[in-house]
Amino acid sequence: MTALPMTALTAGQAAPGLTRTAPRADLAQGTGLVQSIDWAAVAPPALVAVAALVVLVAELFLAERHKGLLGVVSAAALALAGLALVPLVGEDRATFCLTSGTRACSYVADTFTLTVQLLVLGGALVTALLSMTAVRRERLPAGEFWFLLLSSAAGAALLPAARDLATLVVALEVASLPAFALVGLRRGERLSSEAALKFFLSSVVATAVMLLGVSFVYAATGSMHLSTVAEALPGTDSRLSTLAATGVALTMVGFAFKTAAAPFHFWVPDTYVGAPVPVAAYLSVIGKAAGFSGLILVAVRAFPSYADAWGPALAVLAALTMSVGNLGALRQRTDRAHGAVRLLAWSSVGQAGYLLVPIAAAGYADEPDRAVGTTLAYALMYAVVNLGAFAVVAAVRPSGADGRLDDFRGLVHTRPVAAAALAFFLLCLAGLPPGVVGLFAKVAVFQSAVDAGLGWLAVLMALNVVVALVYYLTWTALLFRPAADQQRTAEPRPALPRLSAPLTATLALTGALALATSGAPQLVLRFTTAALF
């Protein structure tokens, strides 16, 4: 039997609140059981997955002095996967579709998918560049590290393309399980082991809750595909309405954990501190991208009929998350061990609250795709500047040092370029000029809350932005404070490590992207809001 061609078609009736439905497969006769796989559509995550296997096998045959090549191969694979997105731009392609009935598809490469995959693959590439020095300096097992990083990135790239609940859960776990091992890869270190254990246990509980919710939704609707679930939920039998509502709630709770939303954020500070700095950077960006893309898909794509419930719930969650995160960051002392990473960890929780605001607004909006586009625009900005901030922390942190904020005092006198870059990244996160992209992103998020009638949330967000200014500007001021201002009782400053080529490339790349987006921030928002669904 000859394989039948795949053709992207517009699905029948749109789910409520969405402007576009996922493409469906067009089977030649409508009776065939064999279909071809659209390899171009699945190429980005597939290339990363294949590269992970290649790295794992190649490590067995490489001498110890040549294992640095594994990092080069990993970075090249991520760059190639990013280039594989180019032929997909402007097309809505689908594969792994049912051959009868609704003919819903499990994998869709649309604008939403490509935007998140660009974020994931770009962030993973920057993490790979950042990790090359860390793997050598901290003597991490090279083969295991690169295999785990690529495996996690493959799962995160698969997740935004998933259009059924089973694929969503599998992709999320493929992204999460290698991350547990990455956090605990520094063998023999108590902080690393404790961080990995806490991350693992809390994530397993969240996954169990999510699986229970998915099973309830399936029992109530008889389908796993998001488009079919969206159509079936409003007409659920009254005897199954409680089961369906419980399933919706539990599923969204599971994804809320992955976004580090309060009160599911408790694992973040200790996990980031115990992990190698590049892994903490990876979790802060790619981990969030996976969690938020899954949350958007289940909320806006699968559960639009419950928008009157999840909209207010996510608004409260956003308010709680941004407040807890910013207050936690505000409490960090400059002389506390691991203070720099811990402050960035609490900052990432606060930023997660801002990212939740447009998703909550989508529950009230007639055009939820515009609100979702605001979240993606903010996520792209956050990814660039947060990875840049972690890169500077990794670059100026001496081997064996505790990474206190005081270690950055007077950095402008010893590393002026690194100090200027970190100051710019912090101002972007704070939303202050010249970090125009951060200001523009925050205004867009604020506007989405106002347009949705969430005035109280907009006011609370404005207050949190003011609170965040305190700790961002405190750190920025330390960079330019003369080193002579250090207390006489302070320990002598360790010699700063030499900037390696990969770290220099990381700082140059993130700095250039931050400057470019600050020059034309409206293009980012216009790109992410264009025909998302």
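With rounding to the nearest 0.5 angstrom, the CE atom of Met322 is 6.5 Å from the OH atom of Tyr354. Here the CD1-SG distance, from Ile37 to Cys97, works out to 11.0 Å after rounding to the nearest 0.5 Å. Atom CZ of Arg186 sits about 7.5 Å away from atom CG of Leu140, to the nearest 0.5 Å. Within the model, atoms CZ of Phe425 and OG1 of Thr476 stand 12.0 Å from one another, a figure rounded to the nearest 0.5 Å. Rounding to the nearest 0.5 angstrom, the gap separating the OG1 atom in Thr271 from the CG atom in Leu197 is 10.0 Å. With values rounded to the nearest 0.5 angstrom, Leu130 atom CG is found 11.5 Å from Leu509 atom CG.
For residues 115-136, no residue pair satisfies the salt bridge (charged side-chain N to carboxylate O under 4.0 Å, His left out) rule, not counting sequence neighbours. Residue pairs satisfying the ring pair (Phe, Tyr, Trp, His ring centres under 6.0 Å) criterion with at least one member in residues 160-186, sequence neighbours excluded, are listed as follows: Phe180-Phe199, Phe180-Phe200. Applying the salt bridge (charged side-chain N to carboxylate O under 4.0 Å, His left out) definition to pairs two or more places apart or across chains, those involving residues 52-63 are Glu59-Lys67.
Considering every non-hydrogen atom in both Pro44 and Ala81, the closest pair reads O-CB, 3.6 Å. Of all heavy-atom pairs between Val55 and Ser74, the closest is CG2-OG, 3.7 Å. Contact detail for His265 and Ala260: the closest heavy-atom pair is CB-O, 3.5 Å. Listed here is the closest heavy atom pair of Ala153 and Ala124: CB-CB, 4.0 Å. Trp267 and Ser202 get closest at one heavy-atom pair: CB-OG, 3.8 Å. When all heavy atoms of Ser106 and Asp164 are compared, the pair lying nearest together is OG-OD2, 2.6 Å.
The closest side-chain heavy-atom distance from Tyr272 to His338 is not below 4.5 Å. A heavy-atom distance below 4.5 Å is found between the side chains of Met252 and Leu295. Looking at Val205 and Leu201, their side chains never come closer than 4.5 Å, going by heavy atoms from C-beta outward. A 4.5 Å side-chain heavy-atom check between Thr167 and Phe96 finds every atom pair outside the cut-off. No side-chain heavy atom of Val372 sits less than 4.5 Å from a side-chain heavy atom of Ile359. Looking only at side-chain heavy atoms (C-beta outward), Val116 and Phe292 stay at 4.5 Å or farther from each other. The shortest side-chain heavy-atom distance between Leu150 and Leu78 falls under the 4.5 Å cut-off. In this structure, Leu62 and Leu70 have side chains that are in contact, with non-hydrogen atoms separated by less than 4.5 Å.
Side-chain atoms of Ser152 and Tyr282 form a donor-acceptor pair, as typed in the model, at a separation below 3.5 Å. Residues Thr113 and Tyr107 bring no donor and acceptor atom of their side chains to less than 3.5 Å of each other.
Between the side chain of Thr375 and the main chain of Leu355, a donor-acceptor pair closer than 3.5 Å is present. Side-chain atoms of Arg163 come within 3.5 Å of backbone atoms of Pro160 as a donor-acceptor pair (strictly under, hydrogens ignored). Although no hydrogens or angles enter the test, the distance criterion places a donor-acceptor pair under 3.5 Å between the side chain of Asp407 and the main chain of Arg404. Between the side chain of Lys442 and the main chain of Leu429, a donor-acceptor pair closer than 3.5 Å is present. For Ser347 (side chain) and Asn326 (main-chain N/O), no donor-acceptor pair under 3.5 Å exists by modelled atom type. Distance alone, capped at 3.5 Å, is enough to place a donor-acceptor pair between the Ser448 side chain and the Val445 backbone.
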Passes side-chain contact (heavy atoms from CB on, under 4.5 Å), Phe255 versus Leu297? Steps please.
-> CA-CA 10 Å; Phe255 280 102; Leu297 285 172; over 6 Å; no
Let me see the working for Val214 and Leu168 under side-chain contact (heavy atoms from CB on, under 4.5 Å), right down to the final yes or no.
-> CA-CA 10 Å; Val214 168; Leu168 273 174; over 6 Å; no
Begin from the C-alpha positions of Val126 and Phe390 and carry the test side-chain contact (heavy atoms from CB on, under 4.5 Å) through to its verdict.
-> CA-CA 11 Å; Val126 173; Phe390 271 105; over 6 Å; no
Apply side-chain contact (heavy atoms from CB on, under 4.5 Å) to Leu158 and Gln117, showing your working.
-> CA-CA 8 Å; Leu158 171 62; Gln117 286 181 339; over 6 Å; no
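The side-chain contact (heavy atoms from CB on, under 4.5 Å) check on Ala134 picks up Glu138, Pro278, with sequence neighbours excluded. In this structure His225 satisfies the ring-ring contact (aromatic ring centres under 6.0 Å, His included) test with no other residue, sequence neighbours excluded.
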Report all side-chain donor-acceptor pairs from residues 380-388 shorter than 3.5 Å, counting only partners two or more places apart or in another chain.
from	atom 1	to	atom 2	distance (Å)
Tyr382	OH	Ser284	O	3.4
Tyr382	OH	Asn386	ND2	3.3
Asn386	ND2	Ser284	OG	2.9

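Taking the six-membered ring where tryptophan is involved, the planes of Phe257 and Phe266 are tilted, since the angle between them lies from 30° to 60°.
One finds no salt bridge joining Asp110 and Arg93 here, because no Lys/Arg side-chain nitrogen approaches an Asp/Glu carboxylate oxygen to under 4.0 Å.
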